Amino acid sequence: MRFYYRAYVACIAIYLAGSSLLLCAQPAPDYVWYRNAVVYALDVDTFKDSNADGIGDFQGLIQQLDYLHGLGITVLWLSPFQPTPDRDDGYDITDYYGVDPRLGTPGDFAEFMFQARQRGMRVIMDLVINHTSDEHPWFRSARQGKHSPYRQWYVWRDNRPADAGKGMVFPGVQKETWTFDSVSTTYYFHRFYDFQPDLNYSNPQVEAESKRIIGYWLNQGFSGFRLDAVPFIIEEDGKNVDRPEHRFDQLVAIRRHIQLHGQEAILLGEANVAPEESNDYFGKDGVGMQMMFNFFVNQHFFYTLATGELQPLVRALEQTRDIPEGAQWANFLRNHDEIDLGRLTTRQREKIYAAMGPDKNMQLYDRGIRRRLAPMLGNNPQRLAMAYSLLFALPGTPVLRYGDEIGMGDDLRLKERLSVRTPMQWTDAPYAGFSTTAPFRPVIDAGEYDYRKINVASQRTDPASLLTLTTKLIRLRKEHPAIGLGKWIISDHKAGDLLITQFTDERETILTVHNFAPNRASAELACPGQVLTDLFSGEDIPVKNGKVQLTVKEYGYHWFQVR
Ligand code: GLC
Ligand code: CA
């Protein structure tokens, strides 16, 4: 009898233990590295100089890796670092297989890759293969005429095409897309500046070479590429420049090649295309690029920041919602170029100009603004904080631009887009701690954004600084991968100024609230669960009958976990 009783108790205990195990064992969400990455964009030459020549370099970058690691960055995106005459800040390459000697030796580069890997950080690089520099040996040879083995690597015409004055990427600065070459006395095609001749991708040799470049750098340890100027790589060069045909099979080929060389490597595409075109670039069955910058949302984000009108941003998010399984948007506020507002209406663009870049000198290429984020937002700390919070709470992967984490300014005396590419401001020491010599490009040393006021050293010890906030946001974003992986809805409430987004995955539901108005805003919102926990303050707000009453301060923001 006793034996039976014991066996009975043991059975119940095993049964209970088993079922509680079952209850605890929640399915782990499919964690995909690039969908939950925090990407940091930097240019080696403006980040940190280690050898007192005024130019940032790989050794300097190595010195600052712990800063980036501490900030929580998981992926570094390096601007072009290959040998270059530097007429387009490195986007004009003369040797695809080299390291610009100004930035260090190949050994310094390899050491950097090693050091990044030691800290668990991935590195992606700009892949600029739409064009070369006109000083590239291939182009020098091609100019010699029809007998050059490289002649067909570029796009030539004997006579000036009638549409030579069309299709410029840099209108206002660039005069034409076909330029006369005095050596071969023919015309060559260039979508960008005249010193950036387009490579001819209908030549299989060019395609083969681009694969070699990709394979080469993947073997050096890169986790992928920011593919520069994607639509222009895959267009039929020089034909129908206003509405060219695109060869998406070329993207498929590149993707296949990348997967062959680096299992986990990705393509992050620069393709500022209309929402309905994006899926051609992502590729239907996961065969195109894994990621693309969401330029469409970016422009509408700024429109909403400038005007407070929410609907355009909400619509942009909805219009870019449906992307293939495994694909991901990369979201950003500002990047290294002008902010391109070309997909907005003229009226919308005018409103942003008026609010954020009223002087002609702040505008560029008839479509954008060449300022940094902080000046565009009037250096209002609360507004900057709200914009940053939303960047981390958009469906997609956040991409930060170096210096924006401390609210750096711009230098409008520098030409075109160089205004937003000044040296990183580390300390209040001379030359901002970037170098001990006068840098090749001046540091910002006057006004509101003077390095003595805006620098990493002073912000890292200030609990109220933008840097401290950015660090917190990165931590939160990483702790809640539902934002990068989960399903999302935007609350359809009638609360004017508040953007309310709900993210759900297998583990949790997160609700974020952003107030775009310079005044307090309230809303009653429908909400699942019983309690909302504010992830910044830890405060609990009870949900009553499926509803919550919220009041958010001017430019305020909240991240709630629904419990
Ligand atoms: C991309 C880059 C830009 C560069 C251009 C030409 O648009 O973002 O900086 O000038 O390509 O390579
Ligand atoms: Ca240096």
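Atoms within each ligand, like the ligands themselves, are counted from 1 in listed order. The structure presented is a predicted model; accordingly, all values stated were derived computationally and were not measured.
Against a heavy-atom cut-off of under 4.0 Å, Arg417 is close to the following atoms of ligand 1: 3 (C), 4 (C), 9 (O), 10 (O). Listed by number with element, the atoms of ligand 1 under 4.0 Å from a non-hydrogen atom of Phe170 are 10 (O). Every atom of ligand 1 with a heavy atom of His131 under 4.0 Å away is listed here by number and element: 6 (C), 12 (O).
No side-chain donor from either of Thr94 and Glu135 sits under 3.5 Å from a side-chain acceptor of the other. Inspection of the Asn130 and Asp198 side chains reveals an N or O donor paired with an N or O acceptor under 3.5 Å.
Counting only heavy atoms of the protein, atom 5 (C) of ligand 1 lies nearest to Phe192 CE2, 3.6 Å. Among protein heavy atoms, the minimum distance from atom 9 (O) of ligand 1 is reached at Asp337 OD1, 2.7 Å. Remark: minimum distance from atom 4 (C) of ligand 1 to any protein heavy atom is reached at Asp88 OD2, 3.5 Å. Of the protein's non-hydrogen atoms, the one nearest atom 11 (O) of ligand 1 is Asp228 OD1, 2.8 Å.
Atom CZ of Arg256 sits in a sparse spot, with 12 or fewer heavy atoms from other residues, nucleotides or ligands closer than 6.0 Å. Enclosure of atom CD in Gln118 by more than 12 non-hydrogen atoms of other residues, nucleotides or ligands within 6.0 angstrom is indicated.
Proximity of a side-chain donor or acceptor of Asp126 to a complementary backbone N or O of Val128 within less than 3.5 Å is not detected.
The number of protein N, O or S atoms lying under 3.0 Å from the Ca ion (ligand 2) is 5.
When all heavy atoms of Met168 and Ala164 are compared, the pair lying nearest together is SD-O, 4.5 Å.
Listed by first then second residue, pairs satisfying salt bridge (charged side-chain N to carboxylate O under 4.0 Å, His left out) with a partner in residues 54-81 read Asp66-Arg119, not counting sequence neighbours.
Of the options Leu313, Val297, Ile339, Ile369, a side-chain contact (heavy atoms from CB on, under 4.5 Å) to Phe302 is made by Ile339 and by none of the others.
Contact between Tyr193 and ligand 1 is absent, with no heavy atom of the residue lying under 4.0 Å from the ligand. Ligand 1 lies less than 4.0 angstrom from a heavy atom belonging to Arg421.
Qualifying side chain to side chain contact (heavy atoms under 4.5 Å, CB included) partners for Asp194, counting only residues two or more places apart in sequence or in other chains: Thr179, Tyr188, His190. Every ring pair (Phe, Tyr, Trp, His ring centres under 6.0 Å) that Tyr97 has, sequence neighbours left out, goes to Tyr216.
Of all the listed residues (Gln196, Arg226, Glu270, His336), Glu270 holds the heavy atom that lies closest to atom 7 (O) of ligand 1.
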Derivation and outcome, side-chain hydrogen bond (donor to acceptor under 3.5 Å, both in side chains), residues Gln363 and Lys360: CA-CA 5 Å; Gln363 301 164 13; Lys360 265 271 161 269; 3.2 Å; yes
